[in-house]
Amino acid sequence: MQTLPGFRDFYPADCAARRCVFDTWREVARRYGFVEMDGPTLEPVELYKKKSGGELVGQLFDFVDKGERHVALRPEMTPTLARMVAAKEREFKKPLKWFSIANYFRYEKQQKGRLREFTQLNCDLIGEASPAADAEMIALAIDLMRGFGLGAEDFVVRVNDRNAWMQFLAARNIAAERAPDFLQIIDKLEREEPGVTTKKLADYNLTRVELDDFLARPPAELGGALGPLAADLEARGLREFVEFDPKIVRGLAYYTGVVFEIFDRPRKFRALAGGGRYDNLIATLSDNAVDLPALGFAVGDVVLLELLRALPHTAAKLAAATRAAGSPELYVVIADETFRPQALGLIRALRDAGRRVDFSLTAAKVGKQFQTAETLGATHAVVLGAEWPQVKLKTLATRAEETLSHIELPARLSRSNAAARAT
RNA sequence: GUGGCCGUAGCUCAAUGGUAGAGCUCCAGGUUGUGGUCCUGGCUGUUGCGGGUUCGAGUCCCGUCGGUCACCCCA
């Protein structure tokens, strides 16, 4: 038996790496005053059909349950979030700053950076329309990357405001209804053959030169919220992480303002994160019961881990976290089996004191026990045998050994820990 | 959904159409209570699965499942 296509087993090393990622996400999100939320993994399929653009339904992981309900494994958090906000929004002070770390499912063929089950960090800020909110979210996205030791040489946030294009179209008397199709052209600009693009632009009475001229403008002249946004990020000292790029529009129709994506600098991987402002979505999903401006973004675990494993300095951090997750602090070597009861008592006392302690469950030669301690990555060994109640505490890295009473051991270990922290 | 490449031991890979192997990992030893090296031994296979061609198929052909990469799409 194997895993289903696009699903993963998580062996201890994988879990340790993932834990490292989740811990960083959680810690940085909290720094920004975000609180954690979550919703059900399974939702009625209708929840995902409401949102404009039914083409997404084709990638739903859906089925009929035993109660004849048509259900779907969640492909994203936003509809759930919108429902939760709409149901109880008056109970929360605005703006809401919520994040979640949850698994998602999409029924699509897997390829590099895309699986059928994956985990995302979602951060959403609801109830604040000013560009300051956009800047705060972009700053958070940047710090999430920096939290892993990534720098401006490793990644870049590409930012745009869809309203810049709306103003561009309005100035040329192009109807707002044609905007979605026009934005599709912009979205494909980097992948499409230039000739095809020129031809498509002709339908709007636009030339490639006119487009390129707009693309080359500095952010403040592009329009929308980009001027204030640039100033805000400049004041935060984060300007070097950001590139204003009108070609970023995001594929989905529901984005209404600022949009952004994060890429690795060499562009070897897929987008690491993406998001934007969706001021109308909560009203749409709540049947106009609640109307709140909102913006959010998501970071996936798959591409992020690919990048973290690919860069030497972040790979080293992951490896260290993996080692730390799996190693006991102490390995108790039972040199004389007749003292196993005393050893069990000591082990229990050490564990009660919060130590990570391991030992051999069955009789084994002393050399073998030391080898196991070494392999597991223990920092100290405690040798226990005929000299009980005296025991030996050995620092494995230096091979230094001292003899002391087992009663003194917990206190002795605290001192040794304090010394290690001081250095 | 469409297409390219690939499926041999737990892992990395060998094997001209002619007896399925190596390295690593793992396990056990190397004599009384001290370590990653070293030495010895051991386990692990329906060659993804099912058909076909052949005296004979890991090898050739067809199908299927899985992996991988790209396209489409990307919440």
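Chain A is the first sequence line, chain B the second, and so forth, proteins listed ahead of strands; every chain is numbered from 1.
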Can you find a side-chain donor-acceptor pair between A/D62 and A/Y48 that sits under 3.5 Å?
-> no

Rounded off to whole Å, could you give me the CD-to-C1' distance for the A/E108 and B/A75 pair?
-> 10 Å

Can you check side-chain hydrogen bond (donor to acceptor under 3.5 Å, both in side chains) on A/T403 and A/E387, steps first, answer last?
-> CA-CA 10 Å; A/T403 303; A/E387 63 272 49; over 6 Å; no

At under 4.0 Å, does any side-chain N or O of A/Q111 touch on OP1 or OP2 of B/C69?
-> no

Please set out all donor-acceptor pairs under 3.5 angstrom arising from side-chain atoms of residues 182-193 of chain A, sequence neighbours excluded.
from   : atom 1 : to     : atom 2 : distance (Å)
A/E190 : OE2    : A/R158 : NH2    : 3.2
A/R191 : NH2    : A/D187 : O      : 3.1
A/E192 : OE1    : A/K200 : NZ     : 3.2

Within a strict 4.5 Å, meaning less than it, do heavy atoms of the A/R26 and A/E36 side chains meet?
-> yes

Encoded 5' to 3' (Watson-Crick or G-U under 3.5 Å; [ ] crossing; | other strand), RNA chain B becomes (((((((..((((....[..)))).(((((.......))))).....(((((..]....))))))))))))....

Between the protein and nucleotides 23-30 of chain B, list every N/O to N/O distance that falls short of 3.5 Å.
from  : atom 1 : to     : atom 2 : distance (Å)
B/A28 : OP2    : A/K368 : NZ     : 2.7
B/G30 : OP1    : A/K365 : NZ     : 3.3
B/G30 : OP2    : A/K365 : NZ     : 2.4

Report the distance from atom CZ of A/R114 to atom C1' of B/C71, rounded to the nearest whole Å.
-> 11 Å

Atom NZ of A/K112 and atom C1' of B/U68 are separated, to the nearest Å, by 10 Å

Tell me whether the guanidinium CZ or amine NZ of A/R116 lies under 6.0 angstrom from the six-membered ring centre of A/Y107 and within 45° of its axis.
-> yes

Under 4.0 Å between a side-chain N/O of A/Q371 and OP1 or OP2 of B/U34, yes or no?
-> no

Earlier contact from the 5' end, RNA chain B, for A/Q184 and A/G367 | A/G367

Between A/F99 and A/W25, ring centroids under 6.0 Å = no

